[in-house]
Amino acid sequence: MRDLKSMWHSMNKGTCAKWEHYFEIYERYISKYCDQPVNYLEIGVQAGGSLELMRNYLGPQAHIVGIDIDPACAAIAGNGFNIHIGSQEDPEFLKSVGDQHKNFDIIIDDGGHTAQQQITSFETLWPYLNIGLS
């Protein structure tokens, strides 16, 4: 089995800022998706390191999508990621991403970090979340 924390330690931390205690939790819930055709959405792209980490962890069958408000993040779209620029506070924007990609197996919200942003993302994207593997 892949070790997400070890993979993260081998990366350039400047591109992937994460709290180390997240990895045990991430692995608990998403390890079952490794090497599966999985749709992964992450809100908060920043430098793209987390998307790269998840691509390596989940494997080549993963469809990786990122959302960020910073237009500069669109530059990493050519690296095998679908990047959408817009605000997670905008339900219509979030719906357009959901409609384009259909359903997601995993949604990580590491975006703006305000309660209202998280509530909007949760309420808007919940209908686009697959029940997943059991």
Side-chain angles (χ1 to χ4, degrees):
M1 179 159 72
R2 295 179 181 102
D3 180 358
L4 189 58
K5 190 174 184 178
S6 294
M7 294 172 91
W8 176 74
H9 276 289
S10 69
M11 292 181 69
N12 174 354
K13 304 305 179 307
T15 65
C16 187
K18 291 285 183 196
W19 293 98
E20 286 197 42
H21 67 275
Y22 285 9
F23 297 117
E24 179 183 335
I25 297 164
Y26 282 1
E27 284 186 335
R28 182 180 319 143
Y29 293 103
I30 68 173
S31 63
K32 61 189 168 195
Y33 294 100
C34 289
D35 297 319
Q36 303 291 321
V38 59
N39 289 328
Y40 174 90
L41 171 64
E42 185 162 334
I43 302 168
V45 170
Q46 200 171 27
S50 182
L51 297 180
E52 179 184 337
L53 176 64
M54 287 301 167
R55 159 70 73 222
N56 293 333
Y57 181 71
L58 294 170
Q61 294 185 63
H63 175 71
I64 309 286
V65 179
I67 289 175
D68 205 287
I69 198 164
D70 182 358
C73 292
I76 68 164
N79 295 332
F81 310 116
N82 290 284
I83 305 298
H84 298 272
I85 304 301
S87 174
Q88 76 180 108
E89 293 181 55
D90 180 353
E92 293 307 311
F93 166 71
L94 295 175
K95 287 178 188 175
S96 73
V97 173
D99 288 343
Q100 181 175 344
H101 296 282
K102 305 303 176 210
N103 292 322
F104 295 102
D105 301 294
I106 302 165
I107 299 174
I108 302 288
D109 184 348
D110 194 12
H113 305 293
T114 69
Q116 189 55 54
Q117 289 169 320
Q118 293 168 348
I119 290 168
T120 300
S121 296
F122 180 84
E123 290 178 343
T124 306
L125 294 171
W126 179 259
Y128 296 98
L129 183 63
N130 287 326
I131 298 303
L133 301 172
S134 50

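Because the structure is predicted, anything quoted here is derived from the model rather than measured.
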From [X] atom [atom1] to [Y] atom [atom2], the distance as rounded to the nearest 0.5 Å:
{"X": "Tyr40", "Y": "Leu51", "atom1": "OH", "atom2": "CG", "result": "6.5 Å"}
{"X": "Asn130", "Y": "Tyr33", "atom1": "CG", "atom2": "OH", "result": "7.5 Å"}
{"X": "Ile43", "Y": "Gln118", "atom1": "CD1", "atom2": "CD", "result": "9.0 Å"}

Where [X] and [Y] come nearest, the two heavy atoms and their spacing:
{"X": "Ala62", "Y": "Arg55", "result": "O-NH1, 2.5 Å"}
{"X": "Ile85", "Y": "Ala74", "result": "CD1-N, 3.8 Å"}
{"X": "Ser87", "Y": "Ile69", "result": "CB-CD1, 3.9 Å"}
{"X": "Pro127", "Y": "Asn103", "result": "O-OD1, 3.9 Å"}

Any residue meeting side-chain contact (heavy atoms from CB on, under 4.5 Å) with [X], in chain and number order, not counting sequence neighbours:
{"X": "Asn39", "result": "His63, Phe104, Asp105"}
{"X": "Pro37", "result": "Gln61"}
{"X": "Asp99", "result": "Tyr128"}

Are [X] and [Y] packed together at the side-chain level, in the sense that at least one heavy-atom pair is separated by less than 4.5 angstrom?
{"X": "Asp70", "Y": "Val45", "answer": "no"}
{"X": "Asp109", "Y": "Leu125", "answer": "no"}
{"X": "Met54", "Y": "Ile108", "answer": "no"}
{"X": "Ile76", "Y": "Ile83", "answer": "yes"}

The complete set of salt bridge (charged side-chain N to carboxylate O under 4.0 Å, His left out) pairs with one or both residues in residues 81-97, sequence neighbours excluded, reads Glu92-Lys95
Determine, step by step, whether Leu94 and Ile67 satisfy the side-chain contact (heavy atoms from CB on, under 4.5 Å) criterion, reporting the C-alpha distance in whole Å, the side-chain angles of both residues, the deciding distance to 0.1 Å, and the verdict.
CA-CA 9 Å; Leu94 295 175; Ile67 289 175; 3.8 Å; yes
Among residues at least two apart in sequence or on other chains, which ones pass side-chain hydrogen bond (donor to acceptor under 3.5 Å, both in side chains) with Thr120?
Gln116
Considering residues at least two apart in sequence or located in another chain, which fulfil the side-chain hydrogen bond (donor to acceptor under 3.5 Å, both in side chains) criterion with Thr114?
Gln117
Is Ile107 reachable from Ile25 through a run of hydrophobic residues whose side-chain heavy atoms are each under 4.5 Å from the next?
no
Cluster link Trp126 to Val65, ILVMFWY, side chain under 4.5 Å
yes
Listed by chain and number, what are the salt bridge (charged side-chain N to carboxylate O under 4.0 Å, His left out) partners of Asp35, not counting sequence neighbours?
Arg2
Gln88 side chain to Gly112 main-chain N or O, any donor-acceptor pair under 3.5 Å?
yes
Under the side-chain contact (heavy atoms from CB on, under 4.5 Å) rule, what do Ile64 and Leu58 come out as? Steps first, then yes or no, please.
CA-CA 10 Å; Ile64 309 286; Leu58 294 170; 4.3 Å; yes
Listing request: all ring-ring contact (aromatic ring centres under 6.0 Å, His included) pairs with a residue in residues 73-95, at least two apart in sequence or in separate chains.
His84-His101
